[in-house]
Structures are given as C-alpha cells and as structure tokens.
Chemist: 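What follows is a structure written as structure tokens; I'll ask about it next.
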Protein chains: 2
Amino acid sequence: MDARSAEASFAKTGCQLDELLKFLAQEWMTHIVWTLAREDTIRFGALRRALPGAISARVLSLRLKTLEAHGLVTRTDIGAKPLHVEYSLTPEGRNLDAALRRNEILSARFNFPGQ
Amino acid sequence: MDARSAEASFAKTGCQLDELLKFLAQEWMTHIVWTLAREDTIRFGALRRALPGAISARVLSLRLKTLEAHGLVTRTDIGAKPLHVEYSLTPEGRNLDAALRRNEILSARFNFPGQ
DNA sequence: CAGGATCCGCCTCGATACTG
DNA sequence: CAGTATCGAGGCGGATCCTG
C-alpha cells in the first residue's frame, strides 16, 4: 500500500470513526446498550424503567430503531393484547458492548477530566 | 474488590466514557486533533485552513479552548502586531490521537454502517 | 403495553461585523 | 492576525396527547 492510498484509507476510516462517535454520543445510546447487555431480552417498558433517570418513550423508540437499523438490536413482536415486544442485543451488539467496556480504559488513559 | 464496589466502579467509569464520547463527538473535534497531530505546531489561521471543509472561527476558537482546558492542547502567544498564536498537542493530546487511531479498528470490528 | 404525532424550548452552529 | 459579539436557523430532546 503506497502513501497515497494509505492517506485515503486513513481519511476514510477517520470519517467512519467520526460517525461512530456521533452515533454513540447520542443521548442515552450507551446506557441503552449497557442495559440491554445485562439482560438476555427485555420489554420496552421494562427497559425504559431500567434506564437511570428518565428517558422519554419517544427517544427510546428512536434509539431502538436506529440500533436495529444498524444490526445491533433485535426487535421481536410477541403479540398484541396487550402489546408485547422484546428487545435484545445481536452478537454485533454484544461486540459493541464489549468494546465499550474495553474502552473504559481509554478514559483512564487520558485521565479525561469531567469538566 | 467485591461485587458491589465493582458495580459502582463500572457505573462511574461508564459515565466517564459517556462524557468522553460526547466530548469527542462534538463537531470538528476529532479533525482538529488529527490535524494538530500532523504538525508540531500550527497557527490559528493555518489550522483553520488545514481543516477539511469550512469551520467557523468561532467554533474553532471554542474547540481549542475546551481542548486546552482539558490539557490536550497548548496555546502559545508569540506576540502582537501582527497577532501570532501557536497551537500544539500536549503529550496527553498525542495520547488521545494515538488512541483514536487505534480505535479506528473499533469501527471495522463492528462493520459499523454509515447510515 | 408499545409506541406515533405534535408542539416547543434549548442548544449549537454558521454568517456577519467588529476589534486590538 | 486572532479572535469576540451578535443574530438567526436548524436539530434534538422532553412533555403531552392519542391509539390499536
């Protein structure tokens, strides 16, 4: 691989990392992943209550939808009356969770000060 | 370390990671770090022109200030008439750059789809 | 119960104009 | 040159109301 293609490759992966960062930095995103990782499967309402603080149903729904679109979460419709939907992490989602846990070291490495 | 303190510790570092993510996901932030990493030292205007696309002076100034506040960037005032200020990464800043490069693997690991 | 629709305030960013 | 001040637009998240 010559210098030019290496440069191009770096720029590309750099942008991907940037997208990934913006994706993960969305409000509640990491917490949703972490909470899903603690259960095999969980219902919408239970997930909502399990999250620390108060997330609106609207945002939780949005996040789950994008997580699903990215192949990180599986949505299973169990049945209506009453509605019953289960969410769980895909293997990819579990990889993400594992990576997030590994990267906790990252913040320690920099001694990233919280403000 | 027992289970309870491990749990507490995880919650804490979890939040730190969250803060770090939101910090890095700010518009232009990673690009500024990457660009600074390519130079030993660089002036405000040159840095601005070196960034891909168009960043406003206002935002660049804001980012550099928070980077400095976090100990990742050093600002050196060379002198007035004409104004001359140099920016460079601190050792911590270089660690961050290195970690970002390493973590590019992260996006590959998940095959994170852009959109 | 699991959301969708709507409204609305907040924050952020870009553009513009100005300064030492 | 290296910013700061101000203004306006857009996006995002919360709250509320509504439904199958």
Side-chain angles (χ1 to χ4, degrees), chain A residues 15 18-33 35-36 39-70 72-89 114-115, chain B residues 15 18-33 35-36 39 41-70 73-89 114-115:
Chain A
C15 290
D18 217 40
E19 282 176 41
L20 179 59
L21 283 172
K22 289 183 197 331
F23 176 82
L24 292 175
Q26 285 179 111
E27 208 75 6
W28 297 104
M29 191 60 89
T30 55
H31 287 282
I32 292 171
V33 173
T35 303
L36 283 170
E39 324 272 338
D40 245 30
T41 194
I42 189 172
R43 302 179 62 167
F44 183 89
L47 173 55
R48 193 175 169 204
R49 286 185 298 273
L51 288 167
I55 183 176
S56 64
R58 177 178 159 277
V59 170
L60 178 54
S61 174
L62 286 173
R63 293 294 174 271
L64 287 170
K65 221 168 278 188
T66 74
L67 283 166
E68 195 190 358
H70 286 266
L72 299 167
V73 158
T74 303
R75 193 194 106 112
T76 311
D77 200 319
I78 305 292
K81 192 158 319 172
L83 265 52
H84 186 150
V85 178
E86 303 256 340
Y87 290 93
S88 62
L89 289 181
Q115 192 67 313
Chain B
C15 289
D18 216 41
E19 283 176 40
L20 179 59
L21 283 172
K22 289 182 196 332
F23 177 82
L24 291 175
Q26 285 178 111
E27 207 77 5
W28 297 103
M29 190 59 91
T30 55
H31 286 282
I32 292 171
V33 173
T35 303
L36 283 170
E39 323 273 338
T41 194
I42 189 171
R43 300 180 63 167
F44 184 89
L47 172 56
R48 192 176 168 202
R49 286 185 297 275
L51 288 167
I55 183 177
S56 64
R58 177 179 158 278
V59 171
L60 179 53
S61 174
L62 286 173
R63 294 294 174 272
L64 287 170
K65 222 168 276 187
T66 75
L67 283 166
E68 196 190 356
H70 285 268
V73 158
T74 302
R75 192 194 107 113
T76 311
D77 199 319
I78 305 291
K81 193 157 319 173
L83 266 53
H84 185 149
V85 178
E86 303 257 341
Y87 290 92
S88 62
L89 289 181
Q115 189 70 316

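Per chain, numbering begins at 1; letters A, B, ... match sequence-line order.
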Chemist: With heavy atoms under 4.0 Å as the rule, sort B:Arg43 into base, sugar-phosphate or nothing.
Modeler: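 Sugar-phosphate, no base atom in range.
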Chemist: With a 4.5 Å limit on heavy-atom distance, are the side chains of A:Val33 and A:Leu24 in contact?
Modeler: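 No, their side chains stay 4.5 Å or more apart.
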Chemist: Map B:Leu62 and A:Gly45 onto DNA chain C by nearest heavy atom, then report which one ends up closer to the 5' terminus.
Modeler: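 Taking each residue's closest nucleotide, the earlier one in sequence belongs to A:Gly45.
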Chemist: Among C:dG3, C:dC1, C:dT6, which nucleotide has an atom closest to any side-chain atom of A:Val85?
Modeler: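 The nucleotide sitting nearest to the side chain is C:dG3.
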Chemist: Keeping A:Arg75 on the side-chain end and A:Lys65 on the backbone end, is there a donor-acceptor pair under 3.5 Å?
Modeler: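 No, A:Arg75 side chain to A:Lys65 backbone: no donor-acceptor pair under 3.5 Å.
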Chemist: Do the non-hydrogen side-chain atoms of A:Asp18 and B:His31 ever get within less than 4.5 Å of each other?
Modeler: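 With C-beta onward as the side chain, the pair touches.
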Chemist: Between NE2 of A:His84 and CZ of A:Phe44, what distance do you get to the nearest 0.5 Å?
Modeler: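 Between atom NE2 of A:His84 and atom CZ of A:Phe44 there are 13.5 Å.
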Chemist: Per the end-axis method with five pairs at each terminus, what is the bend angle of the helix from C:dC1-D:dG20 to C:dG20-D:dC1, to 10°?
Modeler: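 Between the first-five-pair axis and the last-five-pair axis there is 40°.
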Chemist: For A:Arg75, which contact category applies under a 4.0 Å heavy-atom criterion: base, sugar-phosphate, or nothing?
Modeler: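 Result for A:Arg75 = sugar-phosphate.
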Chemist: Within the structure, does a side-chain N or O atom of B:Ser56 lie under 4.0 Å from either OP1 or OP2 of C:dG14?
Modeler: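 For B:Ser56, the contact criterion (side-chain N or O under 4.0 Å from OP1 or OP2 of C:dG14) is met.
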Chemist: For the pair made of CD1 in B:Ile32 and P in C:dC13, what is the distance, rounded to whole Å?
Modeler: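 Taking CD1 of B:Ile32 and P of C:dC13, I get 10 Å after rounding.
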Chemist: What's the CD-P distance between A:Glu86 and C:dA2, to the nearest Å?
Modeler: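 These atoms are roughly 9 Å apart.
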Chemist: With a strict under 4.0 Å distance from non-hydrogen atoms of chain B, what nucleotide opens and what nucleotide closes the contacted stretch of DNA chain D, reading 5' to 3'?
Modeler: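 Reading along DNA chain D, I get D:dC1 to D:dT6.
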Chemist: Calculate, to the nearest 0.5 Å, the distance between atoms CG and NE2 belonging to A:Leu20 and A:His70 respectively.
Modeler: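 With rounding to 0.5 Å, CG (A:Leu20) is 9.5 Å from NE2 (A:His70).
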Chemist: Taking the side chain as everything from C-beta on, heavy atoms only, tell me whether B:Thr76 gets closer than 4.5 Å to B:Thr41.
Modeler: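 Not touching, per the 4.5 Å side-chain cut-off.
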